[in-house]
Amino acid sequence: MTDSAKPTLLIVDGHSLAYRAFYALPIENFSTKDGQHTNGIYGFLSMLINLIKAEKPTHMAVAFDTSRVSFRTREYAEYKATRSETPAEFRGQIPLLQECLAAMSIPVLTAEDVEADDILATLATQGAAEGYNVLVCSGDRDSIQLVTDDVTLLYPSVQGVSQLKRYDPTTVRERYGVPPEQYPDVAALVGETSDNLPGVPKVGEKTAVKWLNQFGSLDAVLDGADQIKGVVGGNLREHLDDVRRNRRLNRLVRDVPLPLTPAELVVKPIDTQAVRDIFSRLEFRTLTSRLYEATGTVEDEADLPVAATAPEPAQLSAGDVAAWLSAAEGDIGVTVTTEGGLPHRVGLATADAAAETSWSPEVAASLTPWLASDAPKVLSDAKPQLKALRRAGADLGGITFDVMIAGWLARPSFPDKTLGNLVERYLDEKLPEADPSQLVPEHEGATPGQLSWYTLRVAAAQRASLPPRVTDVLTDIEMPTLVALADMELAGVAVSHDKLSSFSSELGARADGIAQGAYAAIGREVNLGSPKQLQEVLFDELGLPKTRKTKTGYSTDAGALVALQETSPHPFLDLLLQHREATKLRQIIESLDVAIGADHRVHTTYLQTGSQTGRLSSTDPNLQNIPIRTDESHRIRAAFEVGEGYETLLTADYSQIEMRIMAHLSEDPGLIEAFRSGEDLHRYVGARVFGVEPAEVTPFMRTKVKAMSYGLVYGLSAFGLSKQLRIEQSEAKQLMTEYFARFGAVRDYLRASVEKARIDGYTETIFGRRRPFPDLSSPNRVLRENAERAALNAPIQGSAADIMKIALLRIHRRLRDEHLSSRVLLQIHDELVVEVAPGEWDAAERIVREGMGDAAELTVPLDVQIGRGPNWDEAGH
DNA sequence: GGTACGACGTA
DNA sequence: CGTACGTCGTACCG
């Protein structure tokens, strides 16, 4: 019956269908790992995609209610009054669903004072008049009145949202016994409990339809009420006003003023980048391909316009470089492409010109003085480029702006990985990229000169949008840190292959022995590294009590195994723990060993934009998680040695920097006094909390307040504290009460800081680094409370990270300025490892101590512990 | 070959 | 029901 020549307009009631999906799909199977519920979103999108695939609409829109208040509630205050409050778990999904629709380029329509169905009614009326086949998808029975030869209703059946029943005039008449336009008359007589609209008692669909067919219209029924006999006739006469009111209220409004006409709802290409972003955030894995298939979207992000204005770069020879540079004005964008870690091509750009050249001895000679100078340069991900230049014997000075770091500072949760991401985000353009799968690419990728030009333009957009204090963090902290990190990565740290490999085989033999014992204990061989197989052994074969639930079964982690040991001891458990420990250490050793380079050193890579708090992270290999707690782990640290030509290693770490920051930020007099007194922090706090002299603080008391103090920084609860200390929750609660009785300003600060973040939408470190927290106002409790703990921690962890970066850059600068050969090698959040050249110990020690101790002016002193030794183990403490 | 998950190392 | 990270092996996808 559909006229294929006509365009198809699909209009959907977003609220009612998402709500049905919310109840149809089990919420526990549809949550992201950080607790956002997604069942309503998923169910709705799944249905919509099926619909698009089946109906191939040419025009589309989704309507939402703005609130529960409308002209209907004004006319009849009890309208829908019996409906229970929409669950917060559902409400929180609506904005995300709308975000998904925006990414899919589907218009979302809302209007004040009416309901979504009125919007559908308006569009259906306009659409039919303008010659569309209209498909109305709604879960509200009032929509039946919209059905005509041109308007079909798709109504979710009881089986669920994915099964939609089609209503055209014939099927409506078959199902309800009246034509669509008369259905509201039936509904008015019968009433609608879900809308709290009482009808005529004892009158159901059958009677209503009979009357309407008998009298011809609702008015005729009401006028002829006297002729109807029996109890129902009496009921009708008593409820004439109710019926009239029902009919007024269930008449859908067909002339809601809307910002878009049906023609403007034409289907547009979806924003694949945005779809990828939001779907991955919601952890939808299968929807993307289904969407692309249904909409015929090619998985290709060529939606954004390519800026055609990138200047054609001048190809410079060594002789032209100086002239080009002297003619250039303002900041200069620089791009050094690399091959095998060495410079390959160099691109330069100003606001309106670009140039490029290949790296050669001649070019290097003419370029290096300018590169090394303070002339301001703007780059994208400068560190690898700086390293490449250093390897080639050149230098890069005046790095004033790195767009990758600026992008991260603006939004640390979405570290854009490429310049192309930033071009899209800040310029709304597409960076020309060659398709690597094409042998002869259709379009050329941007050349180094053009990349520099784009970098410069991104930087301009970022400068305009970065808050002043964040700009200061970029300029004063991040840019010089970048230079220090490049030098640390280039230096690497000497690691003894001999020490590692002998230890590795030792551990391998030990692990094998333990494994044999473990197999004997259960009477068969299993893969001890497979949590899945372990679950079979522990819970099915050995019949041990079930532990904490995980996504895929029951936990076999160390905590769970130790707990099992206590309730139901079995020799297998301890052997498994020992095996885990041995194999884990062996893995770490192996990964370190293969990372040792020809220079006998390990060169990690620090990710400057890898955390949300401002910390660094370290990869390939990660040198920030080298074991330290056990005897065996000390042997690993002993393999990190002072390198040839150097005298010793120096380690320096901040003691209790986070608690000191807490004292500074909270201005708690007790905590400040604790640090000024020079007494051991936990002993001092323990004395106050337990009301004894510091000398009388037992190790047990010290452990408790120490856990409490550290827990504070992470947003620990009484529950968590009791679990960690293995004490009753009531005791943990008591401990917290005592603690806050003595250090109340700490609690006040933490509360106020989260509240401020809720209002501002972000937290700030002492130096102005920001971290956004949109979820602090989420109606989803899990999400909101997770955000609260993270927001409580962010200024503290972030300020500590800032302070360490400031210390690092100052130490790096002074070692260079005083012409020392000693150099910083590693940063492990609150610790630095320095390689000290012969005869430089005193100078290096002084520079490190002062650099760290004076990195920030807090109300409490920054205490720095220094150690010395031929390897990291002996230098550490 | 890629991705998710559990587990576990560090501050 | 404690923050911030990276890496490993297994299991599973296609």
The side chain of A:Tyr714 is closest to which nucleotide in this list: C:dA4, C:dT3, B:dA7? C:dT3
Will you find, in the side chains of A:Ser709 and A:Tyr739, an N or O donor that is under 3.5 Å from an N or O acceptor? yes
Using a distance-only criterion (donor-acceptor N/O pair, under 3.5 Å, no hydrogens), is the base of C:dG6 paired with the side chain of A:Gln624? no
Quick one: does A:Asn625 reach the base of B:dG9 with a side-chain donor-acceptor pair under 3.5 Å? yes
For A:Lys706, what residues pass the salt bridge (Lys or Arg N to Asp or Glu O under 4.0 Å) criterion, not counting sequence neighbours? none
Less than 4.0 angstrom between a side-chain N/O of A:Ser611 and OP1 or OP2 of C:dA4, yes or no? no
Does A:Arg771 count as lying over the ring of A:Tyr762, i.e. NZ or CZ under 6.0 Å from the six-ring centre, within 45 degrees of the axis? no
Between A:Arg789 and C:dT3, is there a contact of a side-chain N or O with OP1 or OP2 at under 4.0 Å? yes
C:dC1: pairing nucleotide in any strand, Watson-Crick or G-U under 3.5 angstrom: none
When you measure only distances, ignoring hydrogens and angles, does the side chain of A:Arg615 come within 3.5 Å of the base of B:dA11 through a donor and an acceptor? yes
Both distances under 3.5 Å, Watson-Crick or G-U wobble: report the partner of B:dC5, or none. C:dG9
Is any side-chain nitrogen or oxygen of A:Ser555 closer than 4.0 Å to OP1 or OP2 of B:dA7? yes
Candidates C:dT7, C:dT10, B:dG9 - which lies nearest the side chain of A:Asn527: C:dT10
According to a strict under-4.0 Å criterion, is A:Arg629 in side-chain N/O contact with OP1 or OP2 of B:dA11? yes
Reckon A:Gln533 has a side-chain N or O less than 4.0 Å from the OP1 or OP2 of C:dA11? yes
With a 4.0 Å cutoff (strictly under), does any side-chain N or O of A:Arg580 reach OP1 or OP2 of B:dC8? yes
Ring-ring centroid check A:Tyr714 A:Tyr710, cutoff 6.0 Å: no
For a quick check of understanding: with a heavy-atom distance under 4.0 Å over all strands, which category does A:Leu616 fall into, base, sugar-phosphate or nothing? nothing
